[in-house]
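Just so it is clear, the model here is predicted, and its values are computed rather than measured.
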Amino acid sequence: MARDEPFAAAVDVADGDSTSSSPTLTRLREALAALSEAFESGDAASSDAAAAAVAEILSASDADASAALAEQMLREVHAFLSSPSSNQMAMDALSLELPKPVAKLGARMGNCRDIARTIIEFFASNCSPRDMLCILCEALDTPVALNGSAYLVILLDGLASTLILIQRRHIEQVKVVLPAILRVMHANLSECDEEHGMSAVDLFSAALRIGNAIQEMCKTMVNHRKEELCSILGLYALQNIALVSSESKHQNIQSTCGSVVLQYSKLLMFCGFTYLGLLTGNDVTSATTKLSKEEDDNFLDCFSFAMDGASLVVVWTSMHDDMSKYAGAEFESALKEVQDNCIRKWEAINMFRYVLSSVNYSWAIKSHSLDLLLTLVDDKCSEETNDHVDFPCSTQIFAILKAIERVMIAAPDTLMRKKAFSALKRVISVVPSTQRFDILQALIENSMFPSLTAILLDLVKNEVLRESRRADQVNGSDRSQDSGESPPWASQVLELVELILRPPEGGPPCLRDHSEEQVLSALNLLRLILIIDSRGSRSAKMLRDEKIRAVYSEWLLPLRSVVTGIQSELEKDGGDDENQMACLLNPVQLVLHRCIELVEEKMKGL
């Protein structure tokens with residue numbers, strides 16, 4: 001960098017200002033003069049002390065100095081550094097001490113930021129780049145109470161300038177820098193509120209310049225070293241996309257966040273990531289696999305939201321016009337390939353759990369995620385899926401369904417909750433039939449909300465009806481298939497009914513804790529089983545003698561006593577709340593009586 005910057009001349013222009021006579025400014029000039037003299041005399045001890053004195057004056061002023069005084073102090077430092085007579089050893093000494101106090105003063109409004117950036121870039125250009133990386137990373141970890149984002153932006157710009165100057169061991173240096181950057185960004189963003197949303201955008205733009213610097217490194221490398229650095233850059237971009245998206249909850253910066261995500265997406269495409277690989281998560285897995293071979297598990301920890309980022313790129317592409325235009329036909333082609341391939345489709349379905357289960361992202365992002373999920377999952381895949389051999393494990397299927405459940409429960413508007421329910425049904429419909437009842441059973445057993453349990457039991461009832469019709473069709477065409485054995489799902493379904501009608505804690509269910517919905521759904525499911533059980537020899541063994549007696553004496557009769565008792569109490573009180581409760585109990589009582597009738601008819605033949 002040239003040393004005849006305009007900031008040096010500005011010192012003379014400002015001499016008439018009242019700040020030029022400030023005691024602090026006078027002390028700073030004296031300390032800089034003492035520093036110059038110490039290095040000229042070769043006194044090492046005095047030199048270190050003089051550099052520390054300059055830093056101390058700047059540090060002591062960062063809280064109390066006016067913006068005008070802060071600017072003048074920064075100009076003095078820059079004039080000293082850019083002077084033709086400036087000593088290289090003095091610059092090296094100041095580079096160790098000044099980045100933190102200079103960035104703090106530069107975090108103020110006005111010209112302070114530009115001058116502070118110039119000073120730090122001067123150090124990067126005229127001192128050891130490797131030393132400057134360590135110095136700036138250490139400065140990043142310094143907590144700053146006032147204008148913290150602006151402070152970090154100045155340091156990140158300095159790091160970007162320094163990275164470009166690194167001549168060797170590029171990957172090793174990047175592995176030192178990125179964890180420090182991502183750590184402080186995550187900590188800083190957690191403290192940002194809507195009022196400071198644009199400060200967060202500035203921070204992401206500065207982090208993007210770090211990515212651009214690494215991109216320039218990649219252009220100078222070849223073979224596997226280039227592949228490794230591109231993998232690192234891709235994961236860095238994804239991590240930042242996840243962090244940017246968490247800030248898009250603030251409505252006033254949502255569009256701006258989309259523009260920042262677009263710039264990070266361009267880095268991804270440079271690194272060889274594709275929309276198909278992002279949809280399925282395979283590109284993220286490939287990148288982390290390349291790096292894990294180098295025993296970098298601790299390094300990979302700083303990319304903990306990379307999978308979120310991959311899913312979010314896809315979501316932003318569908319909801320942001322500029323990103324959609326940038327992606328063009330490649331995005332549509334990736335969607336079609338996923339739709340036409342059941343295994344890729346399940347990989348893509350699994351990816352949506354990262355966004356839908358997180359509290360970090362806006363409801364707008366989650367709504368678009370559901371739209372994409374509904375687009376990918378259609379009815380064409382269900383029969384194929386049942387016959388395929390390579391499926392996601394049950395825990396993965398369970399995880400995406402629980403994520404959709406979260407949206408059903410917490411979404412702020414009815415339309416979105418309905419959309420989530422449609423997605424839940426659609427995903428369950430393409431779960432292999434051999435796993436479907438297991439998944440539904442796990443969802444019900446882990447449900448904490450009676451209304452949700454009721455919905456899930458209704459889905460079980462629909463599955464029972466579908467399986468029963470399928471079995472009827474098989475038996476209708478081939479009587480040899482009628483073995484008289486109970487269907488494989490029967491025991492699971494009865495366990496679910498028992499879970500509600502005879503809870504593990506004992507006794508009949510309590511109907512005064514808003515559980516009447518799940519009790520009604522369980523009774524409807526039991527009624528369907530009893531009807532199917534009475535139709536012929538195919539399912540005659542679904543309810544054996546001992547089981548039917550237990551259903552009657554341990555499930556239904558105790559529940560009838562509870563319902564009758566509650567209704568008697570409600571009739572005595574007669575208030576509005578009591579009348580509402582009575583209305584809720586009426587359908588329970590009707591289905592309960594029908595179940596008792598069906599059981600009693602069956603018991604006559606025992």
Side-chain angles (χ1 to χ4, degrees), residues 353 356-359 363 366-367 369-370 373-374 397-429 431 436-465 492-505 507-529 555-556 559 562-563 566-567 570 576-592 594-595:
R353 80 179 194 267
L356 294 176
S357 65
S358 175
V359 297
W363 289 114
K366 292 184 179 182
S367 180
S369 297
L370 290 172
L373 185 54
L374 288 168
I397 300 173
F398 180 77
I400 179 59
L401 292 172
K402 290 299 289 185
I404 297 172
E405 276 186 6
R406 285 192 178 193
V407 181
M408 288 173 56
I409 294 165
D413 62 84
T414 303
L415 288 176
M416 190 168 175
R417 290 194 292 271
K418 288 182 177 178
K419 187 190 295 185
F421 180 50
S422 297
L424 184 80
K425 290 192 296 183
R426 195 78 65 83
V427 173
I428 288 175
S429 72
V431 172
R436 200 173 299 145
F437 282 102
D438 291 335
I439 292 295
L440 284 167
Q441 182 175 10
L443 291 172
I444 291 170
E445 289 175 347
N446 287 274
S447 173
M448 299 177 63
F449 302 94
S451 57
L452 177 61
T453 303
I455 290 171
L456 294 170
L457 285 168
D458 288 341
L459 293 178
V460 172
K461 187 183 74 171
N462 293 339
E463 289 301 319
V464 169
L465 195 56
Q492 285 179 292
V493 174
L494 288 172
E495 284 177 17
L496 292 177
V497 175
E498 184 175 13
L499 181 68
I500 306 302
L501 300 185
R502 189 170 177 265
E505 59 268 20
C510 177
L511 292 175
R512 289 189 177 275
D513 59 356
H514 308 289
S515 63
E516 62 280 346
E517 288 181 84
Q518 67 180 24
V519 171
L520 178 60
S521 293
L523 287 170
N524 274 318
L525 178 55
L526 177 60
R527 180 179 61 174
L528 176 62
I529 293 171
W555 301 6
L556 300 179
L559 180 59
V562 171
V563 172
I566 293 175
Q567 284 185 324
L570 295 175
D576 291 340
D577 292 340
E578 285 73 18
N579 289 334
Q580 184 179 6
M581 183 65 185
C583 291
L584 293 173
L585 279 180
N586 281 339
V588 174
Q589 186 178 38
L590 289 172
V591 181
L592 173 60
R594 179 55 180 152
C595 287

Do you know which of L556, N524, L559, V497 makes side-chain contact (heavy atoms from CB on, under 4.5 Å) with C595? L556
With rounding to the nearest 0.5 angstrom, report the CD1 to CG distance, I455 to L443. 12.0 Å
For S422, give me all partners under side chain to side chain contact (heavy atoms under 4.5 Å, CB included), at least two apart in sequence or on another chain. L374
Give the minimum heavy-atom separation between L501 and A522, together with the two atoms involved. CD2-CB, 4.1 Å
Checking side chain to side chain contact (heavy atoms under 4.5 Å, CB included) for the pair R417/T414: CA distance, chi angles, key distance, verdict? CA-CA 5 Å; R417 290 194 292 271; T414 303; 3.2 Å; yes
Side-chain contact, heavy-atom cut-off 4.5 Å: I500 with L525? no
Taking all atoms of both residues into account, what is the closest heavy-atom pair of L523 and V588, and its distance? CD1-O, 3.7 Å
How many angstroms lie between CD1 in I409 and CE in M448, if you round to the nearest 0.5 Å? 9.0 Å
Looking at R406, I'd like to know if its CZ atom is crowded, meaning that more than 12 non-hydrogen atoms belonging to other residues, nucleotides or ligands lie closer than 6.0 Å. no
Got a second to check how far Q492's CD is from D438's CG, nearest 0.5 Å? 4.5 Å
Non-hydrogen side-chain atoms of L459 and L456 separated by less than 4.5 Å: yes
Closest non-hydrogen atom pair between W555 and L494, with its separation: CH2-O, 3.6 Å
Which atom of K402 lies closest to which atom of N446, heavy atoms considered: NZ-O, 3.6 Å
Any side-chain heavy atom of L457 sitting closer than 4.5 Å to one from L520? no
So how far is it from F398 CZ to E405 CD, rounded to the nearest 0.5 Å? 7.0 Å
Inter-residue atom distance F421.CZ - M408.CE, 0.5 Å rounding: 6.0 Å
Shortest non-hydrogen contact between P450 and Q518, atoms and distance: CA-OE1, 3.3 Å
Heavy-atom closest pair (A454 atom, S521 atom, distance to 0.1 Å) is O-OG, 3.2 Å
Is it the case that the side chains of R426 and S429 hold a donor-acceptor pair, with the cut-off being a distance below 3.5 Å and no angle test? no
Looking only at the side chains, is there a donor atom on one of S367 and K419 sitting less than 3.5 Å from an acceptor on the other? yes
Side-chain contact test, heavy atoms from C-beta onward, threshold under 4.5 Å: evaluate it for K425 versus I404 and give yes or no. no
Inter-residue atom distance L440.CG - L496.CG, 0.5 Å rounding: 8.0 Å
